[in-house]
Peer 1: 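Please read through the structure below; I'll follow up with questions.
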Amino acid sequence: MAQQSSNGGRPKLSEKGLLTPDNYVVALIDHQPQMLFGVSNFDRQGIINSVIALAKATRVFQLPVVLSTVETKSFSGNMWPQLRAVYPGQEPIERTSMNSWDDKNFVAAIEKTGRKKIVLAGLWTETCVALPTVQAIHDGYEVYVVEDCCGDVSQLAHDNAMKRVIQAGAKPVTALSTMLEWQRDWSHRGTYDAVMDIVKTHMGAYGVGVEYAYTMVHGLPAMKFAEYVVPAAAAAHN
């Protein structure tokens, strides 16, 4: 019988170099409008999709998450509303520094979790991801960079940043691979349906294939989304 985690009765997964919901903290850095405007190496809608999928998965597996933003009022704008909706009660840590590891409140929030593994994503890869990753590794942390939740001003900038963090010891992952590493076993029914919901909502052809198997092979009801309601016209401004 699988051991039970202290987190909501989830089965305790073996580590042996892998991520589990019990051994790391997630850091989401600078997912803000101006930062996304500058991204040119990945499809920007795809980045949003991957970030929201990863964020939802942190809720499913009850993980500690540190949110951070930079220069919200003067330059970067508010954290994406889609991301705020996943964490409605959590305020991001506001910074002036490009490198979040230079911000004492950010580092304190990471330290408070007591975890030495960080799953990290942000915009842009060459600054907001690479700089804290290199310094966190220097300070004894193990860092996993969720590459499809990052982006940069050019493919060269992103690729050089990923080379740099990998050379420093970071491990590149994706939103989907990370979520599946947390799930690990389809017999873990406590999180199975929620993971499948994320897959069907955010994982493209994989999700469509799951929906097809559910409905056409197993005869289960089709997935239902909230009914679309056309927003009412805003009141005219004088």
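Note that the coordinates shown come from a computational prediction; the quantities given were computed from them, not determined experimentally.
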Peer 1: Can you check side-chain contact (heavy atoms from CB on, under 4.5 Å) on M162 and T125, steps first, answer last?
Peer 2: CA-CA 7 Å; M162 290 304 301; T125 324; 3.9 Å; yes

Peer 1: From the options T178, V65, V146, select the one residue that forms a side-chain contact (heavy atoms from CB on, under 4.5 Å) with V26.
Peer 2: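 Going through T178, V65, V146 one by one, the side-chain contact (heavy atoms from CB on, under 4.5 Å) with V26 is satisfied by V65 alone.
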
Peer 1: Might you work through the side-chain contact (heavy atoms from CB on, under 4.5 Å) test for V143 and K171, ending with a clear yes or no?
Peer 2: CA-CA 6 Å; V143 182; K171 285 84 169 173; over 6 Å; no

Peer 1: Any sub-3.5 Å donor-acceptor pair from S76's side-chain atoms to V70's backbone N or O?
Peer 2: yes

Peer 1: Quick check: closest heavy atoms across C128 and I29, and the distance to 0.1 Å?
Peer 2: O-CD1, 3.8 Å

Peer 1: Please check this pair: side chain of E181 against backbone of L19, looking for a donor-acceptor N/O pair closer than 3.5 Å.
Peer 2: yes

Peer 1: Which atoms form the tightest heavy-atom contact between W124 and M35, and what is the distance?
Peer 2: NE1-O, 2.6 Å

Peer 1: Side-chain heavy atoms nearer than 4.5 Å, only ILVMFWY residues, links allowed to pass through others: does that put I118 and V145 together?
Peer 2: yes

Peer 1: Atom CE of residue position M98 - does it have more than 12 heavy atoms of other residues, nucleotides or ligands inside 6.0 Å?
Peer 2: no

Peer 1: Are any of the side-chain heavy atoms of E71 and Q34 separated by less than 4.5 Å?
Peer 2: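 No. Closest side-chain heavy atoms not under 4.5 Å.
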
Peer 1: According to the salt bridge (Lys or Arg N to Asp or Glu O under 4.0 Å) rule, which pairs have a member within residues 202-231, sequence neighbours left out?
Peer 2: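 Qualifying pairs, neighbours excluded: K200-E211.
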
Peer 1: When you measure from the side chain of T113 to the backbone N and O of I110, does any donor-acceptor pair fall under 3.5 Å?
Peer 2: yes

Peer 1: Main chain of N41, side chain of D152: is a donor-acceptor contact present, judged purely on distance under 3.5 Å?
Peer 2: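 No, D152 side chain to N41 backbone: no donor-acceptor pair under 3.5 Å.
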
Peer 1: Group every Ile, Leu, Val, Met, Phe, Trp and Tyr by side-chain heavy-atom contacts under 4.5 Å, then state whether Y206 and I198 land in the same group.
Peer 2: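 In one cluster: yes.
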
Peer 1: Rounded to the nearest 0.5 Å, what separation is found between the CG atom of D185 and the OG1 atom of T191?
Peer 2: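 Going from CG on D185 over to OG1 on T191, the span is 9.5 Å.
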
Peer 1: With rounding to the nearest 0.5 Å, note down the distance linking CZ in F42 to CD in E147.
Peer 2: 5.0 Å

Peer 1: State whether the side chain of T72 and the backbone N or O of N78 hold a donor-acceptor pair below 3.5 Å, judged by distance alone.
Peer 2: no

Peer 1: Give the intermediate values and the outcome of side-chain contact (heavy atoms from CB on, under 4.5 Å) for residues L131 and R164.
Peer 2: CA-CA 10 Å; L131 303 187; R164 184 179 184 186; 3.9 Å; yes

Peer 1: How far does OG1 of T201 sit from CZ of F225, to the nearest 0.5 angstrom?
Peer 2: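 If we round to the nearest 0.5 Å, T201:OG1 and F225:CZ are 4.5 Å apart.
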
Peer 1: I'd like to check D197 versus M223 (side-chain heavy atoms, cut-off strictly below 4.5 Å). Are they in contact?
Peer 2: yes

Peer 1: Side-chain contact, heavy-atom cut-off 4.5 Å: T20 with F61?
Peer 2: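 No, side chains not in contact.
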
Peer 1: How long is the gap from CG on L67 to CZ on F106, to the nearest 0.5 Å?
Peer 2: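 Those atoms lie 9.5 Å apart.
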
Peer 1: Which pair of heavy atoms, one from P21 and one from R115, lies closest together, and at what distance?
Peer 2: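 Smallest interatomic distance, heavy atoms only, reads O-NH1, 2.9 Å.
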
Peer 1: Between the side chain of H31 and the main-chain N/O of I47, is any donor-acceptor distance below 3.5 Å?
Peer 2: no

Peer 1: Determine whether V119 and L123 fall in the same hydrophobic cluster, where Ile, Leu, Val, Met, Phe, Trp and Tyr are linked whenever their side-chain heavy atoms lie under 4.5 Å apart.
Peer 2: yes

Peer 1: Start with the C-alpha gap between H158 and V39, add the side-chain angles, then the distance that decides, and say whether side-chain contact (heavy atoms from CB on, under 4.5 Å) holds.
Peer 2: CA-CA 10 Å; H158 176 82; V39 170; over 6 Å; no

Peer 1: Can you name the closest pair of heavy atoms from P33 and G77 and give their distance?
Peer 2: CD-C, 3.9 Å

Peer 1: Quick one: are W182 and L63 in side-chain contact, heavy atoms under 4.5 Å?
Peer 2: yes

Peer 1: Could you list who else is in Y212's hydrophobic cluster, with ILVMFWY side chains joined at under 4.5 Å, directly or through other members?
Peer 2: M216, V217

Peer 1: Counting C-beta onward and ignoring hydrogens, is there a side-chain heavy-atom pair between E126 and N160 closer than 4.5 Å?
Peer 2: no

Peer 1: What I'd like to find out is whether the side chain of T174 reaches to under 4.5 Å of the side chain of S50, using heavy atoms alone.
Peer 2: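 T174 does not reach S50 side chain to side chain.
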
Peer 1: Which heavy atom of A157 sits nearest to which heavy atom of S154, and what is that distance?
Peer 2: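 That would be N-OG, 3.0 Å.
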
Peer 1: Describe, in one word, how the ring planes of W101 and Y141 are oriented to each other, choosing from parallel (under 30°), tilted (30 to 60°) and perpendicular (over 60°).
Peer 2: perpendicular

Peer 1: Do the side chains of V60 and L83 join up, straight or via other hydrophobic residues, at under 4.5 Å, putting them in one cluster?
Peer 2: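 Per the 4.5 Å side-chain linkage, V60 and L83 are co-clustered.
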
Peer 1: Do any pairs count as a salt bridge (Lys or Arg N to Asp or Glu O under 4.0 Å) and have a residue in residues 85-106, sequence neighbours left out, and if so which ones?
Peer 2: D30-R95, R84-E91

Peer 1: Between S14 and R184, which heavy-atom pair has the shortest distance, and what is it?
Peer 2: O-NH1, 3.1 Å

Peer 1: Counting N and O atoms only, with roles assigned by atom type, does the side chain of D148 sit under 3.5 Å from a partner on the main chain of N49, one being a donor and the other an acceptor?
Peer 2: no

Peer 1: Is there a donor-acceptor pair closer than 3.5 Å between any side-chain N or O of E15 and the backbone N or O of G17?
Peer 2: no

Peer 1: Does some side-chain heavy atom of L36 sit less than 4.5 Å from a side-chain heavy atom of I48?
Peer 2: yes

Peer 1: Same cluster for I93 and M79 if Ile/Leu/Val/Met/Phe/Trp/Tyr side chains link at under 4.5 Å?
Peer 2: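 Hydrophobic grouping puts I93 apart from M79.
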
